[in-house]
S.K.: 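Handing you a structure now.
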Amino acid sequence: MNATANLEGSGTQLLVHGGVGDRPRLLHAGPTLPGATAQDFAGLSERQHAPGGPQLPVAPSLLNPLGTGYPGPPGLLLHRDGCSWAVDLRLVEYIEPSASLTVVTRDDNAGVTVRHDFAIDASTGVLSLSASLANSGDTALDLQWLSAVCLPLDPRFDRIMAFGGKWAGEFQIEEWQPVRGAFLRENRSGRTSHTSFPGLYCGTSATSETHGPAAAFHLGWSGNHRLRIDRLPDDTLALQAGELLLPGEMRLEPGESYSTPTLYACWAEDGHGEATRRLHAFVADQVGRSVPRPVHFNTWEAVYFDHSPDRLFALADQAAETGAERFVLDDGWFGARRSDRAGLGDWFVSEDVYPDGLGPLADHVRSLGMEFGLWFEPEMVNPDSDLFREHPDWVLGVERVDPIASRHQLPLDLTRSEVSDYLFERIDHLVRELSIAYIKWDMNRDIQHPGNAGGRPAVHRQTRAVYALIDRLCAAHPELEIESCSSGGARADYGILQRTHRIWTSDNNDARQRHAIMRGAAYFLPLRVLGNHVGPKRCHITGRRFDMHFRAGTAVFGHMGMELDLATESVSDRGILKAAIALHKRHRALIHGGDYHRLETPAQLAAIGVVSRDRGEALFQTAVIDQHPSPHPPRLRFVGLDLQRRYKVACVWPTFLVGEPASFAGSALMQYGLQLPQTYPDTCLIHHLEAEE
Ligand code: DGJ
């Protein structure tokens, strides 16, 4: 067996070095270094003895466990009743099928075997990394932390972009400068979370959208997480990412094992934009599903809990007439759910509200040429519900600790098979009975006290049980599409996206704020999966008013939908909305399949574009968020075009600025730019570009 294992694909390279019995070392993970060998790294990194330091410094290994004496933070923490904490993992073997690499390591004294799985996606270069730990000893073992790996980073990286926020303010970008010590993001919310998205971008102070070294990392997991980047005293930089385990949560009996969630990593030499495009292409390949993505009508902000068949029939008529292709009946159709205080868990159509059931509405929706979708929040229960009255013990909680009130609901314990079976039976039955094509799967609270029957914390098992329930439904209904929603965008990650097809990005339909939310989310998630809806004239979250041109133009870039009471919109505004939906449909193959670019603009603008793979066509969205500081707006420099070709450029939105196309050189459009028109703030301009023959 070679003492070096090399994995390469699409510009990404991973090089592990170490013979049997050695501690394997990750020499390089990043852009391909053509011809570089393990000997090169050994020679180039040779150091003299540092005064005051150990005579033989400990080199980093794949997890740096405590038994090695490595001075940095360990990527593995465990013990057996307070002992056996000093693990020292040595190489057993490399298993090297073509596009992946498995590194098996073991410490016989500690009774621990760890298997590292690495795979490079051949078309995008995105690297998937995970680790599995098996208890090969003969007593129980308490696992406290297992990072997918300890990943050495380019020490030049001096900027970290983190993503977080709050309900209705997701995916806000925060910039950090890693100084010596740790940059740490921890999430204990029991879901992916609003506040700490499990993803980071790294770059240097000189990295831009189009230039410079960049890297992106994402943990594909919908439960608790920990991400850290440490700069050690010797200036080396390393990333760890894994599941944040609560005390006692992961106790492995002899023979049992635990696998980390997958860490996704990608590198780019041409700026943050290239890293984003690699991730988008990777996710698009994984998610698949109906293309073109159907335009949604969602009932939430139109009716909230005030359901009535007459009103919903009329809404369906108006939705279809405006261009909707899928009608999603949101919260409020079941049990005693006339507000958020009651009924959750009782997944039976309300006979009070729908005396004839939901069949007539579903049929009516289909007769209008739309798919019928239905909202569920399977993981939760209102204490004021038949389900809770019958099964008060079906919830997660901690004895003698009062549950934290949150939207009048408690989390069900899905690790109990009778709970998951009940949910499966109910949803499966309704999907069959109503021929449901689409489920909006919601989850509306953090889980602060995730104890289950044995008293142990159960976020890990609960997250796996949610995945298993969705997988079971998808297996029973292979055509079913599912939207992952969690009070907006609190469950948006590649773990949930392996089994769902759309993300509800945010409850905030404020067209001005939506640009920042969509831009943040799109660092990791392609526009085809990001729900983007036209909301009411007066935004229900911020109270601000926006005209229809701005609301509708904003929603064109994403998986478009609407979520408003069409009956209260003027005839003229309904006409504008219809025109925006038609525009979206005309260009959605490009919006959902083209290369995504962020433009670097002054702060009063937010601009993005999608460019076809052959650079023959492009669509750019420019939102004027605030007044320009100078009398004239700036020129917009397009990106991603072909410098050698000429393009016909036309403003296609708003309708009152639509003009005839004019011809310009691609080079001039990119390097000189197009003068933007004088407009009010809160205007959304869309330009269409087509290469000339
Ligand atoms: C939170 C979601 O984000 C909303 O879109 C809506 O579905 C409500 N829940 C319903 O309770």
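When a ligand or atom number is given, it counts from 1 through the structure's own listing order.
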S.K.: Among T463, V466, I503, which one satisfies side chain to side chain contact (heavy atoms under 4.5 Å, CB included) with R491?
M.R.: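 Considering T463, V466, I503, a side chain to side chain contact (heavy atoms under 4.5 Å, CB included) with R491 is found only for V466.
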S.K.: Run through ligand 1 for me and note each protein residue having a heavy atom under 4.0 Å from it, chain first, then residue number.
M.R.: W300, D330, D331, W375, R407, K440, D442, N444, C485, S487, G488, W504, D507
S.K.: Quick one: does NZ or CZ of R426 land under 6.0 Å from the six-membered ring centre of F348, within 45 degrees of the ring axis?
M.R.: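 Yes - R426 lies over the ring of F348, closer than 6.0 Å to its centre and within 45° of its axis.
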S.K.: Pick out which of W504, Y438, F327 makes a ring pair (Phe, Tyr, Trp, His ring centres under 6.0 Å) with H296.
M.R.: Y438
S.K.: Please name the residue in the list D421, D428, L423 that meets the side chain to side chain contact (heavy atoms under 4.5 Å, CB included) test with R472.
M.R.: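 Testing R472 for a side chain to side chain contact (heavy atoms under 4.5 Å, CB included) against D421, D428, L423 leaves exactly one candidate, D421.
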S.K.: A cation-pi test, strictly: NZ or CZ of R185 under 6.0 Å from the centre of the six-membered ring of F197 and no more than 45 degrees from its axis. Yes or no?
M.R.: no
S.K.: Go through the steps for R337 and D331 under the test salt bridge (Lys or Arg N to Asp or Glu O under 4.0 Å), then give the verdict.
M.R.: CA-CA 8 Å; R337 187 74 168 173; D331 198 354; 2.8 Å; yes
